[in-house]
Amino acid sequence: MKHRIMVAVLVMLAVSFAAAQSTDRYRITYETEPKTLNYFYLIDNTSQRVAANTQDHLVENDRFGRFVPSLAERWTTNENATVWTFYLRKGVKWVDHNGKVTEYEITADDFYEGFRYVADPKNGIKNFGSIRSLLVGLADYYKGLQDVDSGKDKNRTRQQVLDTFKNVGIRVIDKYTIEYTTAKPTPWFLTYLTMDLFFPVEKAFMDKVGAENFGTAKDKLIFSGCYYISDWQRDKVIVLKRNENYWDKKNVFIKEITMQKVSDPAIALQMFQRGELSSAGLNADQVKGLQNTKWKDYIYMTDRSSVTFWWALNFQSKNPEFAAFVKNVNFRKALYYGIDHVKLLTLDEPLNPQNLLRTTIIPEEVIFDEKGKDYTDYPGLKEFKNAGNTFNAKLAKEYFMKAVAELTDGKGTIKGVSAQAVDLKPVAQFNIDGKLPLQILVIHATSSSDTKFALLLQAMLKDVFGPENIEVVLGQYVDDQYDEVIAPQKFDMAYDSFRFAYGDPLAQLGRLITGGAVNDGGWSDPEFDALVAEADKKIKLSERYAIFAKAEALILDRAYIIPFRCGGSAYAIGNVVPYTYPRSGFGVTRFKYKGMKLESKPLLASRVEEIRRQFYADLEKLQGK
């Protein structure tokens, strides 16, 4: 009934198209409200989007993904790619939340101080682990601060360790020149520079507002990018306006970006059809509902992205039943084969859900060795890449029964687990009896699409394993996934994602080692840790990738996490001209709107396809194919 009502509403809304829209105002929605806009602490898409457009890096990507000058007008590197020198533009000023030029000029010292900020463990920068060993002396500096803070090192003061930052491989040569020295040859160094960890900061301004207040309000930030935050009303709207003093203003065509908080995709579509939004993403029901309307000719599919979605399994679970099972490889393989991901993905892609599948951690067609071979085509990993939908109900049940034989007394009682209450408020609260069925807490966001996704998974696991074996308990988080459920370990299974930080397998695999920044399940495997360490010692890409591929295959074979979906590749409708804005698989570039062009009317899908074909033809010419 609900589906029929929604289709009827869509049909009524499709009777007439929206009036022509402005081509210099981009209006979109967001779901997750950021707790801070501190651009060094990006844990959600909203804050990444804001940071990418309000702060600039030394370099940026053009629309083909090439690295081009940004705040640095040029750069050089030595023969073995260990010393990288960047020469900044002169006279570029920070602007405030009113778009007014401040007294502060953007200099090499701003990049030095920005890096000093992220390298201090007291600031809690979540992704720092991915670059800890990048620069000379950086790992020792970070560990030194950790040891002093923990009391392990009683021979030095914190200030004494802070003074040793001068030994780290980042040096201000002069006011407009900064130099980085890597711990080993790093030909992919430029791919690091679009990470949030390499943004600049004006220390005098941060000291003025206080580090603890930095990014908590629009007036607690200044801006180096093509936009500035002119309005931020929590849980309502974020407005970015073009920086009229931007060094490259001629290539910023959108004068204002308005982001409205809307959690319901049905409402977002209605807003688009009324001309209140520039674009909208579409779920499966919406695509189906528009098939018999004029809007069907305007629906197109976006490109796949380097983001990978996966199931995180909590090895530190506070639910004793799940904690007992998750450490068993047969149980994890039961889940690996017991989830029909194609069926789940039909909620987003009803026509060709297989197109969304990704069964590796590192994305395909992003990282290539010195001979042009795709990293995901290395032996051991290629088999997982080509696995397709891994769903096999019979095999899943077999693995589950092996786990049951190993973990229970043969009569359904889980060894070492007693009846008790599991208090994971405010996410969930339930009682366990230490017997089958095994209770699994699956957490999800409150949006209608996430709720539907969780309900389908719940029904799926019940059908595959039987209600006598598994019972899925659903828990919701209201605001921020990491702070509400991941950090306090209030989940058994979580639907999560990787954003690809820089152009090397270490960007992902290095964050999955014991204690790694995105090892949200808290699992540990010494063999995997050793392989990652071994691979990172190799400089020749083919040797490096062969070992990394072996390490990734180990994760997948032992099902510590279960990747299953790529980012992007979603249905959309809108006025945005594709391929006019920066393109990259790394850092926060994918959220940047510099260069974006809008049209006054929605683009036909056929026109989008023409633009796509021409873009890839131009890209092949540039790559010399």
Q) Which pairs, with at least one residue in residues 553-563 and sequence neighbours excluded, count as a salt bridge (Lys or Arg N to Asp or Glu O under 4.0 Å)? A) Lys333-Asp557, Asp525-Arg558, Glu527-Arg558

Q.
Students often mix this up, so state it plainly: with edges at 30° and 60°, are the rings of Phe214 and Tyr39 parallel, tilted or perpendicular?
A. perpendicular

Q: Report the relative orientation of the aromatic rings in Phe40 and Tyr117; use parallel for angles under 30°, tilted for 30 to 60°, perpendicular for over 60°.
A: tilted

**Q.** Axial cation check for Tyr581 ring with Lys592, 6.0 Å and 45° limits
**A.** no

Q.
Going by the rule side chain to side chain contact (heavy atoms under 4.5 Å, CB included), which residues pair with Ser224 if we only count those two or more places apart in sequence or in a different chain?
A. Gln55, Asp56, Leu71, Trp94, Ile106, Pro200

Q | Aromatic ring pairing Phe199/His57, orientation class (parallel under 30°, perpendicular over 60°, tilted between) | A | parallel

Q: Name all residues meeting the salt bridge (Lys or Arg N to Asp or Glu O under 4.0 Å) criterion together with Arg332; count only those two or more places apart in sequence or in a different chain, and write none if there are none.
A: none

Q.
Can you classify the ring geometry of Phe189 versus Phe198 as parallel (below 30°), tilted (30 to 60°) or perpendicular (above 60°)?
A. perpendicular

Q) Who are the side chain to side chain contact (heavy atoms under 4.5 Å, CB included) partners of Lys371, not counting sequence neighbours? A) Asp369

(Q) Checking Arg565 now: which residues fulfil side chain to side chain contact (heavy atoms under 4.5 Å, CB included) with it, not counting sequence neighbours? (A) Phe309, Leu345, Asp348, Leu356, Tyr495

Q. Which word best sums up how the rings of Tyr375 and Tyr545 line up, parallel for under 30°, tilted for 30 to 60°, or perpendicular for over 60°?
A. perpendicular

Q. Should the pair Phe528 and Trp523 be assigned to parallel (<30°), tilted (30 to 60°) or perpendicular (>60°) ring geometry?
A. tilted

Q: Return the set of residues passing side chain to side chain contact (heavy atoms under 4.5 Å, CB included) with Glu383 (not counting sequence neighbours), or none when no residue passes.
A: none

Q. Does NZ or CZ of Arg74 come closer than 6.0 Å to the centre of the six-membered ring of Tyr87, within 45° of the ring's axis?
A. yes

Q: Measure up the Phe400 and Phe325 rings against each other and bin them: parallel (under 30°), tilted (30 to 60°), perpendicular (over 60°).
A: parallel

